[in-house]
S.K.: 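Got a structure for you, written out below as structure tokens; questions coming shortly.
Quick note: residue numbers are just sequence positions, from 1.
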Amino acid sequence: MQPPPQAQGAMAKVAAILTVPCSAGRRPKQSSQRRGCGSSSGSLSVRASSDANTVTLLDYGAGNVRSVRNAIRHLGFGIRDVQSPEDILAAERLVFPGVGAFGSAMDVLNSTGMADALREYIQRDRPFLGICLGLQLLFDSSEENGPVSGLGVIPGVVRRFNSSNGLIVPHIGWNALQITKDTPLLQGADGQHVYFVHSYHILPSDANRDWISSICNYGDSFISSISMGNVQAVQFHPEKSGATGLSILKNFLSPNSSGTKVPARRKASKLAKRVIACLDVRSNDKGDLVVTKGDQYDVRDHTSSKEVRNLGKPVDLASQYYIDGADEVSFLNITGFRDFPLGDLPMLEVLRCASENVFVPLTVGGGIRDFTDANGRYYSSLEVASEYFRSGADKISIGSDAVYAAEAFLQTGVKTGKSSLEQISRVYGNQAVVVSIDPRRVYVKSQEDVPFKTVKVSTKGPSGEEYAWYQCTVNGGRDSRPIGAYELAKAVEELGAGEILLNCIDCDGQGCGFDIDLVKMVSDAVTIPVIASSGAGAVQHFSEVFEKTNASAALAAGIFHRKEVPILAVKEHLVNAGVEVRV
């Protein structure tokens, strides 16, 4: 199945953007990206004097490869970028962090001659580490927008997870590794949580079983890593898997060393519920980027000064939350609807700096939309998202633009392929796209009072109403739209969203718990992961939302910023409540 003509045009345009070499000026110069980050490790483009301390990186331009670069540098190794097929064949060690859609990646590899070079390099049994899509591309073919032929190194077909039986797809989060073959790469990783984010997988078979070094269970047991001689590949993201992932990378980069020590932990058994730290970032009245927190979306102090609440510096807080055990860190650029994202250099710098020391997933949202600047130059939302990915984001979050796209889709029943949601998910995969929903509770006396999905609420309304619907808003909660949270969630899933961040304006900053009625309604309605947000004020609120709804993750901000509830306390409470978490 081929994309429609307008989609093909969009893909051709982004392919041209993505395949421009680093030195051609499309990407920010690597040396300038490090200004002000406080790192002493030097420029990303520095080359080590010895090949023993240098790894060759195949970055074909899609998605967040910066995180892999930063993890490699963190472990003390230099990087040599592939510029031609000959660079692949000359590599002493090659890392291939594939990101995005299978077909788009193979198009780039085939058009540049790198596919043949990769096959030859692997056939020579040279040291190779594929990551995520870098594993999938080794197989015969993929059903993703296909069938599409792969590199054909390993027998097998890449297929989508089956969501028809209620399985949440994409598979996003920290799941348990089950090692099936003793291999130095995975030393110390058996029974540990590692981070996955994918919608497609490969099943074990008699034809490929000799390659398999570990499996993971999600609906079925799928291949989570392969190993044959010097050829290794993993479905998960070691660069986003904390200390365990860094240890795995060290095992590949320096196979004769003892690796990075992984702290002793409880043995993982299944997919963990995620605890996410959110940082609302905006400029204060002095022009500095600060982390703030709203009270029902109002971020100014209720004092005579009316200043923006300043709860800390974004990079410092993100680094601390990583140390404290956050499973993800989410940045929301809440000035994004007023400022042009590509010109918002401080926010890009926040991502670049945070990704140097935070080895868990980073999400960024705010202002990801099409834009025409004052000089008349048009930028697509795809270009805006690409800039965020290149700066360190693993996922991008779309808000208002997704609401408008959903309204148009529900009115016409037509997927135009032109919305930011559709374009970005097509190129980068739906697992890279989060839709942020900002609803407000509206009480009604009867379910028949409105044409939207209603729920019987746990707490009656001010006039004794037993029902409510959740009206969606745009522009930071300032403007209401004629669409409900239920209808919006169903529509954006159809348009290509891979995850939903479900806020609630009524609960924001109140500390009284998540809106269980809302979270249950939406998480029961969709087959993609739902992140519960707004209202957390105590550790019990996290266990409540996981026990009473199908939420895959719970997000909090103010209670972490103000140190009212530590992340570790949340995790310990969840363990005691019998909830699987990464500790």
Side-chain angles (χ1 to χ4, degrees), residues 163-164 166 168-170 297 337 365 368-369 381 397-425 430 433-458 461 465-508 514-535 545 549-552:
S163 60
S164 63
I168 294 174
V169 181
Y297 288 28
F337 55 86
I368 298 173
R369 53 181 171 77
S381 57
S397 178
I398 304 174
S400 300
D401 209 45
V403 177
Y404 301 134
E407 289 177 348
F409 172 64
L410 291 175
Q411 289 174 0
T412 65
V414 176
K415 298 179 186 178
T416 65
K418 296 180 180 179
S419 70
S420 58
L421 172 55
E422 294 168 277
Q423 291 183 56
I424 298 167
S425 65
N430 69 337
V433 183
V434 182
V435 168
S436 180
I437 300 179
D438 297 316
R440 181 180 284 110
R441 193 184 307 119
V442 180
Y443 291 102
V444 292
K445 292 182 178 180
S446 168
Q447 291 177 293
E448 286 72 40
D449 287 352
V450 291
F452 307 106
K453 177 75 172 180
T454 61
V455 294
K456 190 170 184 177
V457 292
S458 303
E465 299 94 338
E466 295 186 349
Y467 298 93
W469 69 287
Y470 290 85
Q471 184 172 20
C472 295
T473 66
V474 295
N475 296 331
R478 294 194 305 276
D479 302 321
S480 298
R481 299 297 301 175
I483 184 171
Y486 175 92
E487 290 76 18
L488 178 59
K490 298 282 284 184
V492 296
E493 178 182 19
E494 185 72 19
L495 290 171
E499 197 168 23
I500 289 173
L501 172 57
L502 186 59
N503 307 291
C504 179
I505 295 175
D506 307 276
C507 296
D508 182 59
F514 300 99
D515 190 322
I516 301 297
D517 298 328
L518 170 64
V519 178
K520 179 171 173 52
M521 176 183 71
V522 173
S523 62
D524 285 349
V526 296
T527 61
I528 56 179
V530 173
I531 303 169
S533 175
S534 305
V545 78
T549 78
N550 286 320
S552 298

S.K.: Please list all pairs passing the ring pair (Phe, Tyr, Trp, His ring centres under 6.0 Å) test where one or both residues lie in residues 474-495, with sequence neighbours left out.
M.R.: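 Those involving residues 474-495 do not exist here.
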S.K.: Which residues satisfy the side-chain contact (heavy atoms from CB on, under 4.5 Å) test with A405, sequence neighbours excluded?
M.R.: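 Here the qualifying residues are S419, L495.
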S.K.: For the residue pair C504 and S533, establish whether any side-chain heavy-atom pair is separated by less than 4.5 Å.
M.R.: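 A side-chain contact is absent here, since even the closest heavy-atom pair is not under 4.5 Å.
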S.K.: Between V403 and I483, is a side-chain contact (heavy atoms from CB on, under 4.5 Å) present by the stated rule, with each step listed?
M.R.: CA-CA 8 Å; V403 177; I483 184 171; 4.1 Å; yes
S.K.: Starting at OG of S534, measure out to CG of N503 and round the result to the nearest 0.5 Å.
M.R.: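 That separation rounds to 4.5 Å.
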S.K.: Output the distance between atom CG (L502) and atom CD1 (I437), rounded to the nearest 0.5 Å.
M.R.: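 Between atom CG of L502 and atom CD1 of I437 there are 6.0 Å.
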S.K.: Under 3.5 Å, is there a donor-acceptor pair between the side chain of D508 and the main chain of G535?
M.R.: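 Looks like no, no N/O pair under 3.5 Å.
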S.K.: Quick one: which residue pairs count as a salt bridge (Lys or Arg N to Asp or Glu O under 4.0 Å) with a foot in residues 487-502, not counting sequence neighbours?
M.R.: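 For residues 487-502: R274-E499, K395-E499, K415-E494.
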S.K.: Working to the nearest 0.5 angstrom, can you tell me the gap between I531 CD1 and S436 OG?
M.R.: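 I531 atom CD1 to S436 atom OG measures 9.0 Å (nearest 0.5 Å).
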S.K.: Which heavy-atom pair separates A485 from L518 by the least distance, and what is that distance?
M.R.: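 What the structure gives for the nearest pair is CB-CD1, 4.0 Å.
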S.K.: Could you give me the CA-CA distance, side-chain angles and deciding distance for Q471 and S480, then say whether side-chain contact (heavy atoms from CB on, under 4.5 Å) is met?
M.R.: CA-CA 7 Å; Q471 184 172 20; S480 298; 3.6 Å; yes
S.K.: Evaluate side-chain contact (heavy atoms from CB on, under 4.5 Å) for V434 paired with I500, printing each intermediate quantity in order.
M.R.: CA-CA 5 Å; V434 182; I500 289 173; over 6 Å; no
S.K.: Under the side-chain contact (heavy atoms from CB on, under 4.5 Å) criterion, do V530 and S552 qualify, and how do the steps go?
M.R.: CA-CA 6 Å; V530 173; S552 298; 5.9 Å; no
S.K.: With sequence neighbours excluded, give me every salt bridge (Lys or Arg N to Asp or Glu O under 4.0 Å) pair touching residues 397-412.
M.R.: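 Salt bridge (Lys or Arg N to Asp or Glu O under 4.0 Å) check on residues 397-412 returns E407-R481.
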S.K.: Are the side chains of D479 and T473 in contact, using a 4.5 Å heavy-atom criterion?
M.R.: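 Counting from C-beta outward, T473 and D479 never come under 4.5 Å.
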S.K.: How long is the span from the OG atom in S400 to the CZ atom in R478, to the nearest 0.5 Å?
M.R.: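 One finds 8.5 Å between OG of S400 and CZ of R478.
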S.K.: List for me each residue that meets ring pair (Phe, Tyr, Trp, His ring centres under 6.0 Å) alongside Y470, sequence neighbours excluded, and say none if there are none.
M.R.: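 With neighbours one apart ignored, the set is empty.
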S.K.: From C507 SG over to D515 CG, what is the distance, rounded to the nearest 0.5 angstrom?
M.R.: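 Result: 4.5 Å between the selected atoms.
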S.K.: Considering residues at least two apart in sequence or located in another chain, which fulfil the side-chain contact (heavy atoms from CB on, under 4.5 Å) criterion with A402?
M.R.: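 A402 satisfies side-chain contact (heavy atoms from CB on, under 4.5 Å) with I398, V435, V492 only.
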S.K.: Do you know the tightest heavy-atom contact between F514 and V545?
M.R.: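 That closest heavy-atom pairing would be CD1-CB, 3.8 Å.
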S.K.: Of all heavy-atom pairs between T549 and S523, which one has the smallest distance, and what is that distance?
M.R.: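 Smallest interatomic distance, heavy atoms only, reads CB-OG, 3.9 Å.
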S.K.: Once you round to the nearest 0.5 Å, how far does CG of D438 lie from CG of N475?
M.R.: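 Here the interatomic distance stands at 10.5 Å.
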S.K.: So which heavy atom on G417 is nearest to which on E422, and how close?
M.R.: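 It is N-OE2, 2.9 Å.
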S.K.: Under the side-chain contact (heavy atoms from CB on, under 4.5 Å) rule, collect the residues that match up with A468, sequence neighbours excluded.
M.R.: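 By the side-chain contact (heavy atoms from CB on, under 4.5 Å) rule, A468 matches R441, Y443, V457.
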S.K.: Residues two or more places apart in sequence or in another chain: which of them pass side chain to side chain donor-acceptor pair (under 3.5 Å) with S397?
M.R.: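 Not a single residue meets the side chain to side chain donor-acceptor pair (under 3.5 Å) criterion with S397.
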S.K.: Taking distance alone, no hydrogens or angles, what donor-acceptor pairs closer than 3.5 Å link side-chain atoms of residues 447-456 to residues at least two apart or in another chain?
M.R.:
residue, atom, partner, partner atom, Å
E448, OE1, S446, OG, 2.7
D449, OD2, K445, N, 3.3
D449, OD2, S446, N, 3.1

S.K.: Got a sec, which pairs hit salt bridge (Lys or Arg N to Asp or Glu O under 4.0 Å) with one end in residues 520-532, sequence neighbours left out?
M.R.: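 Qualifying pairs: K520-D524.
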S.K.: Where do F409 and A491 come nearest, in terms of heavy atoms and distance?
M.R.: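 Residues F409 and A491, closest heavy atoms: CD2-CB, 4.1 Å.
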S.K.: Suppose we screen for side chain to side chain donor-acceptor pair (under 3.5 Å). Which residues come up paired with S164, at least two apart in sequence or across chains?
M.R.: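 Per chain and number, S164 pairs via side chain to side chain donor-acceptor pair (under 3.5 Å) with N162.
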S.K.: Applying side chain to side chain donor-acceptor pair (under 3.5 Å), can you list everything that pairs with S425, at least two apart in sequence or on another chain?
M.R.: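 None.
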S.K.: What heavy-atom pair brings V169 and I528 nearest, and what distance separates the two atoms?
M.R.: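 Scanning both residues, the minimum pair turns out to be O-CG2, 3.0 Å.
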S.K.: Answer whether the closest heavy-atom distance between the side chains of V444 and E465 falls below 4.5 Å.
M.R.: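 No, side chains not in contact.
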